[in-house]
Amino acid sequence: MSRADFLTRVEPHLGADVLMYATEEGGRATAALPGWSCPCVVSLERPLVGWDGLPMLGQTALNPGETRRVGFYLLSGDEAASALRAAGRFFLWEGRAVGEGAIVG
């Protein structure tokens with residue numbers, strides 16, 4: 001089973017309004033495809049503190065510059081969800097921040 005298929009079968013740990021930064025603003029050069037994952041970090045200060053997150057994109061890519069409400073499946077489960085909820089927002093990390101999320105649930 002692919003990661004994208006797995007994400008259609010599980011419940012999200014939390015929901016967030018995600019903004020993918022535009023490419024010219026430091027974001028990804030390509031869309032995040034279904035099954036994509038990245039660390040979700042609470043601050044851009046070092047050392048980075050974050051958790052592996054899988055945005056539940058369904059069958060639709062998330063393009064640079066796009067904003068969408070998505071669920072997140074977190075590999076560290078409720079521990080990560082609690083920490084991200086407490087922070088209220090987080091950054092999507094790929095060696096740099098390529099987007100950010102505001103917790104909605």
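Values below: every heavy atom of this structure, side chains too, minus hydrogens, waters and symmetry copies.
Taking the side chain as every heavy atom from C-beta outward, L62 and R68 approach each other to under 4.5 Å. Side-chain contact between M1 and R9: present, with at least one pair of heavy atoms (C-beta onward) separated by less than 4.5 Å. Taking 4.5 Å as the limit, every side-chain heavy atom of L84 sits out of range of all side-chain heavy atoms of F72. In this structure, T8 and Q59 have side chains that are in contact, with non-hydrogen atoms separated by less than 4.5 Å. When side chains are defined from C-beta on, F91 does not count as touching V98, because their heavy atoms never get closer than 4.5 Å. You'll find the side chain of L57 reaches within 4.5 Å of the side chain of V70, heavy atoms only. When side chains are defined from C-beta on, W36 counts as touching L92, because their heavy atoms get closer than 4.5 Å. With a 4.5 Å cut-off on side-chain heavy atoms, W51 and V42 count as touching.
Minimum heavy-atom separation, G58 to P34: O-CB, 3.3 Å. Here the closest heavy-atom approach between residue L74 and residue G53 is recorded as CD2-CA, 3.8 Å. Nearest heavy-atom pair, A61 versus L33, reported as atom, atom and distance to 0.1 Å: CB-CD2, 3.9 Å. Between P64 and T30, the closest heavy-atom pair is CG-O, 3.7 Å.
In the displayed structure, D17 atom CG is contacted under 6.0 Å by more than 12 heavy atoms of other residues, nucleotides or ligands. Within 6.0 Å of CD in E24 there are more than 12 heavy atoms belonging to other residues, nucleotides or ligands.
Between Y73 and H13, the two ring planes are tilted [angle within 30° to 60°].
Between atom CZ of residue F90 and atom OG of residue S43 there is a gap of 14.0 Å, rounded to the nearest 0.5 Å. Note that SG of C40 and CG of L54 are 8.5 Å apart. Values are rounded to the nearest 0.5 Å. Residue E100 holds its CD atom at 13.0 Å from CH2 of W93, rounded to the nearest 0.5 Å.
In this structure, R89 contributes its side chain and A102 its backbone to no donor-acceptor pair below 3.5 Å. At least one donor-acceptor pair under 3.5 Å links the side chain of R96 to the backbone N or O of G27.
If you check the side chains of R28 and T23, you find no donor sitting under 3.5 Å from an acceptor. Looking only at atom types and distance, the side chain of S2 has a donor-acceptor partner in the side chain of D5 under 3.5 Å away.
For E79, there are no salt bridge (charged side-chain N to carboxylate O under 4.0 Å, His left out) partners, not counting sequence neighbours.
Criterion: ILVMFWY side-chain heavy atoms under 4.5 Å apart, direct or through other members. Under it, V41 and L19 are part of a common hydrophobic cluster. No continuous path of hydrophobic side-chain contacts links V104 to V18 [ILVMFWY only; heavy atoms under 4.5 Å].
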